[in-house]
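Right, one structure below, let's go through it.
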Amino acid sequence: MSDPAPRPMKFPYTFSAQIAQFPYQHYIKNQWIWRYYFIALGVSLPVFYKINKLANSPGNVAKWAESKRKEHEEHH
């Protein structure tokens, strides 16, 4: 009969065993980078969204196309 909850290996020598036994909870709880990563992500997403909307506005796309057309004419 097999054991329902197998013990972890004393030394996880396979890559999958190393991933399974890595102490993620300890690092998330005790390192500052995880907290500030999610805070920075939440603050920066609206900024990047606004930049994207401005860069892809119809007026800016037309202006960019005209600039590229003039640049192409100068080289040919």
Side-chain angles (χ1 to χ4, degrees):
M1 185 170 188
S2 82
D3 195 10
R7 319 181 284 216
M9 303 163 92
K10 286 187 178 182
F11 180 75
Y13 55 88
T14 63
F15 186 66
S16 59
Q18 290 174 359
I19 290 173
Q21 293 186 27
F22 190 78
Y24 293 106
Q25 187 176 9
H26 171 76
Y27 282 99
I28 290 171
K29 188 171 130 187
N30 293 315
Q31 287 187 342
W32 62 270
I33 192 77
W34 296 102
R35 276 189 302 271
Y36 290 111
Y37 176 80
F38 292 111
I39 291 169
L41 185 67
V43 169
S44 64
L45 278 178
V47 173
F48 291 142
Y49 178 75
K50 183 69 172 171
I51 291 170
N52 186 37
K53 292 283 281 185
L54 291 172
N56 292 318
S57 67
N60 195 44
V61 170
K63 183 178 172 183
W64 181 260
E66 179 64 22
S67 171
K68 287 296 174 184
R69 185 189 62 76
K70 285 181 182 178
E71 183 179 322
H72 183 67
E73 286 176 358
E74 289 176 3
H75 291 286
H76 290 261

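Please read these numbers as outputs of a predicted model, since none were measured by experiment.
A distance of 13.0 Å separates NE2 in His72 from OG in Ser67, rounded to the nearest 0.5 Å. The line from CG of Leu41 to CZ of Phe48 is 9.5 Å long, rounded to the nearest 0.5 Å. To the nearest 0.5 angstrom, Gln21 atom CD is 10.0 Å from Phe11 atom CZ.
The same ILVMFWY cluster, assembled from side-chain heavy atoms under 4.5 Å apart, contains both Phe15 and Phe22. Hydrophobic clustering (side-chain heavy atoms under 4.5 Å, transitive across Ile, Leu, Val, Met, Phe, Trp, Tyr) groups Tyr27 together with Ile33. Both Ile39 and Trp32 belong to a single network of hydrophobic side chains, linked directly or stepwise wherever heavy atoms of I, L, V, M, F, W or Y lie under 4.5 Å apart. Hydrophobic clustering (side-chain heavy atoms under 4.5 Å, transitive across Ile, Leu, Val, Met, Phe, Trp, Tyr) groups Tyr24 together with Tyr36.
Salt-bridge check for Glu66 with Lys63: failed, with every basic side-chain N at 4.0 Å or more from each acidic carboxylate O. Between Glu74 and Lys70 there is no salt bridge, since none of the side-chain N atoms of the basic residue sits less than 4.0 Å from a carboxylate O of the acidic one.
The heavy-atom pair separating Lys29 from Arg35 by the smallest distance is O-NH1, 3.9 Å.
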